[in-house]
Each structure stands twice: as structure tokens, then as C-alpha cells.
Number of protein chains: 2
Amino acid sequence: MKRKVTLKQIAKELDVSVSTVSKALKNSTEISQDTREKVQAFAKLYNYRPNNIAISLKNRQSKNIGVIIPEIVHHFFTQVISGIENVANSNGYNVIVTLSNESFEREVVNMETLANGSIDGFIMSLSKETQEKGDYHHLREVVNQGMPLVMFDRIAEEIYCDKVIIDDAQAAYNAVNHLISTGCKKIAIITTEDHVSVGKLRTLGYRNALQDARIPFNENLVVKVDGEAACEKAVRHLLKYQVVDGIFAVNELFAIIAMREVVRKDLKIPEDVSVIGFTDGILSKYSNPPLSTVVQHGYEIGMMAGQMLIDKLEDREPEDHYRTEVIKTSLELRATTK
Amino acid sequence: MKRKVTLKQIAKELDVSVSTVSKALKNSTEISQDTREKVQAFAKLYNYRPNNIAISLKNRQSKNIGVIIPEIVHHFFTQVISGIENVANSNGYNVIVTLSNESFEREVVNMETLANGSIDGFIMSLSKETQEKGDYHHLREVVNQGMPLVMFDRIAEEIYCDKVIIDDAQAAYNAVNHLISTGCKKIAIITTEDHVSVGKLRTLGYRNALQDARIPFNENLVVKVDGEAACEKAVRHLLKYQVVDGIFAVNELFAIIAMREVVRKDLKIPEDVSVIGFTDGILSKYSNPPLSTVVQHGYEIGMMAGQMLIDKLEDREPEDHYRTEVIKTSLELRATTK
DNA sequence: AACAGAACCGAAAACGTTTTCGTGTTAAAA
DNA sequence: TTTTAACACGAAAACGTTTTCGGTTCTGTT
């Protein structure tokens with residue numbers, strides 16, 4: 001197990017100074033052609049690679065981007081990561097991913113351990129718990145230290161930083177509107193509790209669409225749940241006591257579960273009930289029938305977030321000026337709508 | 001944007017030396033109670049956090065683990081990452097994830113950029129392209145440098161390092177055997193091209209199961225495909241010209257696609273055709289009907305890989321001794337089998 | 001009063017780079 | 001032959017830590 005060769009060792013072997021070696025490897029004209037070749041040949045032979053850590057310390061930058069997400073086992077987040085990875089790598093940055101597992105505590109710890117030199121900037125989406133608590137001191141601390149931060153999807157309005165979001169309300173509006181335009185009159189929404197920012201916004205879009213179509217809002221058609229089991233139960237209850245001809249779900253899992261209950265009641269999709277989900281994941285694509293859905297373009301969100309962060313890091317953007325980019329969603333109509 | 005406060009600055013402010021500050025913060029008895037309190041109070045006030053990079057340089061270790069996977073948008077890999085994250089974090093390590101995107105080139109580049117101080121050890125699964133080429137020089141280089149490497153799932157036999165795999169052949173054997181025991185006689189397998197190591201092994205298990213049950217092997221029931229479109233086409237062709245009462249697919253996507261074709265031919269699942277997939281992903285769980293599948297326990301694989309690496313890093317394992325751990329698979333029987 | 005030992009603190013080296021500045025040598029110009 | 005400038009290289013500082021070693025000062029013991 002031979003340790004990695006360093007400048008010092010090369011210098012010693014070739015009987016020159018460390019500075020000379022460093023310069024020679026960078027092809028500095030300060031060094032004679034002769035020595036340059038000698039050094040480079042030697043370096044190549046011994047497979048010299050500069051130590052990133054040392055360079056980081058010297059340059060006071062790590063060329064790393066820290067990403068904190070609530071859960072990785074989510075198609076949307078993995079898409080975002082892919083997008084970030086893409087622009088990061090093509091700009092010479094690495095990506096460090098850590099998970100908060102929807103826990104405030106872990107989110108704080110992860111931020112703190114990363115924020116001490118390991119990374120140059122953050123990209124993150126808040127954990128559920130953080131959104132419930134509304135405690136953003138760790139974010140404030142980071143931005144106060146002058147570390148660029150880009151938030152996406154689950155953001156905190158009151159933090160001054162760059163943000164990438166989707167037009168949640170508008171997207172929901174469009175989805176529900178499509179249901180209406182295909183003849184649905186009794187449209188239910190399956191959403192999360194209000195503390196999740198995106199759930200709230202999507203519910204708003206739902207109401208607006210109804211209102212604009214002069215369809216009376218019916219409290220009984222709004223089901224708020226926070227998990228798979230709860231969702232199943234609630235939908236079953238809904239279908240038992242209400243007549244429904246359209247369902248809009250704020251994520252794809254809720255949509256799939258709802259579909260299951262619908263067919264269980266021997267209702268036909270989309271003839272009797274239309275369904276639209278949110279987030280174009282793998283489930284939507286391969287469900288039976290394939291689910292019509294609002295697609296969030298996670299990859300684009302990731303690219304945008306990555307680009308915004310890098311722009312800040314490379315001083316292409318003034319550091320005291322923050323943007324909020326809205327990535328357009330689209331409707332992918334498949335077989336669960338008429 | 002106030003820069004982070006350093007030991008030097010604290011020392012200057014309090015008119016003591018850097019060494020004193022360092023020791024005081026570590027509660028060294030070498031320093032008087034008085035000074036300790038003073039320093040610690042000051043540090044707390046100014047929110048001092050040691051610079052990780054500097055510590056890394058000093059200690060010649062980064063407390064980072066590098067993970068390279070082919071694709072993140074895969075339930076199996078995300079599970080593995082979660083497992084790695086878990087043991088890594090509870091041992092004080094961070095995880096740096098990079099993607100090869102199934103490309104040899106990117107795999108090599110990622111390894112090289114990480115291997116220079118940024119991380120203390122690798123956990124990886126080979127890209128398709130790397131397996132096709134059979135070029136493992138980058139792996140050799142890394143292990144020659146004395147950097148611990150743990151491979152999982154898609155491994156290279158000939159590299160000496162720790163490995164975590166599943167009993168691919170055995171798992172396939174069990175799955176096919178279950179089909180046989182429930183009365184299936186004409187069992188097809190949908191698999192990948194042979195260069196993907198796991199595909200090959202699973203095909204082997206399929207053959208063995210048939211053989212042990214004295215069911216003649218039929219070349220026409222083996223379909224090798226390498227993508228979604230190809231899969232769909234091949235299965236359609238299969239169902240058109242062959243009588244099939246059981247399907248074993250080497251991943252869940254192939255299974256789902258096969259199911260789609262089966263119902264399209266108005267065959268009932270599982271009455272007419274039983275189906276078993278591989279990898280217990282989200283698709284299997286929520287498909288209609290829910291797919292019986294071989295579950296790979298990705299989370300456990302990740303934990304095991306992480307633990308093995310950390311054991312090496314903390315010198316709990318001799319560095320010249322390599323293990324290959326086999327994680328048991330299990331059959332999750334849902335609604336696509338009798 | 002002299003000395004041992006404890007208590008407290010600082011200087012300096014080290015980790016592996018990059019970069020500025022200075023210095024000695026050589027070749028060209030006067 | 002002397003002056004100048006180009007050329008080639010090295011010393012040293014810096015990034016922010018940790019740790020060893022040594023040096024004061026003070027306390028307590030003979």
C-alpha cells in the first residue's frame with residue numbers, strides 16, 4: 001500500500017525544489033523546457049495526482065456542492081439530483097448528497113457538518129418536520145456566513161436566498177380544469193396536511209379552478225391524509241358516502257391508491273371516474289391504466305438550481321440579489337382521463 | 001458576509017496563542033480552568049466551528065465515503081444508498097454520491113477526482129459499459145494505492161476487494177421453483193444480455209430449477225433484451241408464438257411490461273400466467289395486481305457494504321483480507337402467483 | 001533558602017499545495 | 001569589458017488545524 005506521491009517527494013527525487021515541481025507541472029514558462037519535461041515524465045510515471053484537500057485549503061474552496069433532501073427513495077428527488085449532478089460535473093464540481101429523512105434534527109446536523117469547509121454552497125429541500133416547526137435558524141446561519149444557498153420545491157419564504165419552485169397552484173388549477181373540461185363535476189382532491197407548503201398550494205389551485213368554473217366547493221370532497229394507510233381508508237370512506245367523477249391527487253402514490261379503491265368499487269377509469277396525479281414518477285408511467293399526471297420536470301429543476309448556485313459561486317451573480325425561478329409544469333395525459 | 005472565525009482570530013482577540021485556543025476548546029487539562037472558560041465562551045459567541053478541510057489535511061483522512069453507482073433513479077440503488085448513509089453517519093462519516101450513468105468514461109473520471117484526498121474509501125457498483133469492456137484498471141489503481149474498496153451487486157470477480165452480493169442464481173432458482181411448484185410448466189425468462197453479470201447468474205438459476213424439476217429447457221422461452229421497447233416487442237412475440245404459463249423477469253420493469261402484454265392478450269394473471277419479478281421496488285408493490293417478486297434487500301446490502309468499508313478504515317479488519325458477503329434474498333409473494 | 005515538581009502556556013512543525021518575491025547565472029547589448 | 005536583461009530556480013509564506021516539546025512561573029517541601 002504505497003502512499004500517494006507528493007510534490008515534495010518528486011522534488012527530492014529530482015533534486016529540485018517543491019516550487020519548481022509545482023510550476024513545471026503547470027507548464028509554467030518560468031521553468032526550462034528541460035526540467036519541465038523531466039518533472040512531467042516523472043510525475044506521469046509515478047501517477048502523481050494533486051491532493052484535493054490541500055488545494056481546497058489553499059484556495060478556500062472545495063469545488064463541492066452540498067445537497068440535502070428529505071428522502072432519496074423518491075423519483076422526484078432522484079431526478080433533481082441527476083439534474084444537479086449534470087451541471088455540477090460539467091462545471092468541475094462534485095455533489096455531496098445527504099438525507100434528512102424528514103427529520104429537523106438530522107437536517108441541522110447535516111448542514112453543520114457540511115458547512116465547515118467541505119462544500120462551497122447548498123442546494124436543499126426542507127424536511128417535513130422543519131416545515132412544521134418553522135424553525136429556520138440553521139438556514140439563516142449558513143447564509144449569514146456568506147454561503148450561497150438554493151432551495152427548491154419545499155422552501156421557506158422568509159429566507160433570503162435563491163429558490164426554484166414550480167407553479168404549484170397553477171399546476172393544480174390546470175389539472176383540475178382539465179377534469180372539468182372533460183365533463184367532471186364532482187371532483188375530489190386528495191392532499192396532505194396544510195403544513196407541507198406544496199400541499200397547501202395545490203389545494204388552493206384546486207379551489208380556484210372550481211370557483212372559476214362556478215362549481216360549488218364541497219368540503220366533503222377534500223381529503224387530507226398523511227400516509228399510505230390513512231389515504232386508503234379515507235378514499236374508501238369518500239367513495240362510500242360521496243358521488244365522485246374525478247379525483248385529483250397531490251402526489252402519485254395517493255393517486256395510485258385512489259385508483260385501486262375506485263376499481264375495487266367496480267367503477268371504470270376513466271369512464272366513471274377520471275384521475276390525475278402529481279409528479280411524473282415511475283408509478284404513473286407503468287400503472288394500469290397509465291396515470292395522467294402533472295409532471296414536475298425534476299431534472300430541469302435540478303439543473304436550474306445547480307446553475308443558480310454555480311453562478312453565485314463563480315461570481316456571475318451579485319451575492320445580495322436573489323431570484324426565484326418558477327419551472328413550468330405540464331400535463332401528461334395518459335389513460336386515466338377522458 | 002463575515003468569514004468564518006478561525007483559531008488564529010480567537011487567539012488574537014484573547015491575546016493567547018493558537019495552541020492554547022486549540023487545547024482550551026478540547027478541554028485539555030493543560031490549560032487553566034479560567035482560560036478554558038474564556039476561550040470556550042468566546043468561541044461559542046462567535047459560533048466557531050473547526051474547518052474540516054484543515055483537519056482532513058492534518059489527519060490525512062476526510063471522513064468521507066465515496067459511492068459510485070450507475071443510476072440513481074433506481075429504487076434498488078437508492079435503497080442501498082440509504083443503507084450506506086445510515087451506517088456511515090452513525091460512524092461519523094459523510095457520503096459522497098456520484099453517478100456513472102452507465103458510462104465507463106464517467107466512472108473512471110469520478111473515481112479519479114474522488115480518490116485524491118476527498119474520500120477515505122469507495123463503495124461502488126459497476127456501470128454496464130465497464131462490465132462490457134471488462135476494463136478494471138481504475139479499480140486496480142485505487143486498491144493499489146491502499147484505498148479500501150467495497151463492490152456490490154455488479155462486481156468484478158477478478159478484483160481483490162470486499163464484495164457484497166446476493167445469491168443471484170439461488171434467488172432465481174427459488175423463484176422459478178416456486179412457479180413450478182404452483183403448477184407452471186412452460187416458464188419463460190426475460191433477461192438481459194449476458195455481459196451484465198447479474199443477468200447471467202439469474203439465467204443460470206432459471207436453468208437449474210428447470211433441470212432439477214426435469215422440465216426440458218426450451219431456447220424459445222428465453223428472451224434477452226436490453227431495454228424497455230425491446231422488451232415489449234420481444235414479449236409480444238413470445239406470447240404470440242409460444243404457450244406460456246409462467247414468466248420470470250430479472251427486474252421489475254421487465255415484469256411489469258410483460259404483465260401488460262399478458263393482459264393485452266386477454267390472459268388472466270395469475271390464473272393463466274404467473275409472473276415473478278426481481279427487485280422489490282415501488283412498481284412491484286403498487287402494480288395491479290401487485291407483483292410477486294424476489295426481494296433484494298438493498299438497504300441491508302448498503303448497510304453491509306458500509307460496515308465492511310468502515311471496518312477497514314478503522315483498522316478493525318486486516319487490509320489484506322477480503323470478504324465476500326452474500327445477502328439473502330427472499331420471495332415476496334403477492335398477487336401474480338398462485 | 002533552595003529545590004522539585006506541578007501548572008500553565010507558546011513556538012514550531014507538520015499535512016500538500018500555490019504563489020510571490022528574490023537571487024544567481026548566463027547571454028546579449030553597450 | 002561592463003552593464004543589462006532574460007532566464008531558471010528556490011525560499012518562504014499562506015491556508016487552519018493538531019501536537020510535541022520546551023520554557024516560565026508558582027506552590028509546596030526540605
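Throughout, protein chains are lettered first and strands after them, A, B, ... in sequence-line order, and every chain is numbered starting at 1. As the structure is a computational prediction, the values presented were derived from the model and not from experiment.
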Legend entry - Listed partners of B/Gln307 passing side chain to side chain donor-acceptor pair (under 3.5 Å), at least two apart: B/Asp311

Legend entry - Euclidean distance, A/Ile301 CD1 relative to A/Ile327 CD1, rounded to 0.5 Å: 6.0 Å

Legend entry - Side-chain ion pair, A/Glu107 and A/Lys133, N-O less than 4.0 Å: no

Inset, instruction - For residues 78-103 of chain B, pull every pair meeting ring pair (Phe, Tyr, Trp, His ring centres under 6.0 Å), keeping only residues two or more places apart or in separate chains. - result: none

Legend entry - Strand-adjacent residues in residues 113-121 of chain B, judged by heavy atoms under 4.0 Å from DNA chain C: none

Inset, instruction - Just report the end-to-end axis angle for the helix from C/dA1-D/dT30 to C/dA30-D/dT1, five pairs per end, to 10 degrees. - result: 70°

Inset, instruction - Take nucleotides 6-12 of chain D nucleotide by nucleotide from the 5' end and write B, S or -, depending on whether a protein heavy atom sits under 4.0 Å from the base, only from the sugar-phosphate, or from neither. - result: --BBBBB

Legend entry - Whole-Å distance separating the CD atom of B/Glu37 from the P atom of C/dC8: 12 Å

Legend entry - Under the salt bridge (Lys or Arg N to Asp or Glu O under 4.0 Å) test, residues paired with B/Glu102 that sit two or more places apart: B/Arg154

Inset, instruction - Look at all strands and tell whether A/Ser22 reaches a base, only sugar-phosphate, or nothing, counting heavy atoms closer than 4.0 Å. - result: base

Legend entry - Euclidean distance, atom CD1 of residue B/Ile10 to atom P of D/dT18 [Å, nearest integer]: 11 Å

Legend entry - Any residue meeting ring-ring contact (aromatic ring centres under 6.0 Å, His included) with A/Tyr46, in chain and number order, not counting sequence neighbours: A/Phe42

Legend entry - Residue-phosphate contact under 4.0 Å: B/Tyr48 side-chain N/O, D/dG16 OP1/OP2: no

Legend entry - B/Asn110: side chain to side chain donor-acceptor pair (under 3.5 Å) partners, not counting sequence neighbours: none

Inset, instruction - Specify the separation, in whole Å, of atom NZ of A/Lys26 and atom P of C/dT19. - result: 6 Å

Legend entry - Residue-level proximity of residues 50-63 of chain A to DNA chain D when a heavy atom falls under 4.0 Å: A/Leu57, A/Lys58, A/Arg60

Inset, instruction - Name all pairs fulfilling the ring pair (Phe, Tyr, Trp, His ring centres under 6.0 Å) condition that reach into residues 106-154 of chain B, sequence neighbours left out, sorted by first residue then second. - result: B/Phe104-B/His138

Legend entry - All side chain to side chain donor-acceptor pair (under 3.5 Å) counterparts of B/Arg323, not counting sequence neighbours: B/Glu325

Inset, instruction - Among A/Ile96, A/Val95, A/Val97, find the one that has a side chain to side chain contact (heavy atoms under 4.5 Å, CB included) with B/Ile96. - result: A/Ile96

Inset, instruction - Answer with yes or no whether the side chains of B/Asn116 and A/Lys4 bring together a donor and an acceptor at under 3.5 Å. - result: yes

Legend entry - Lys/Arg N to Asp/Glu carboxylate O, A/Lys163 vs A/Glu158, below 4.0 Å: no

Legend entry - Pair listing, ring pair (Phe, Tyr, Trp, His ring centres under 6.0 Å) test, anchored in residues 14-36 of chain A, at least two apart: none

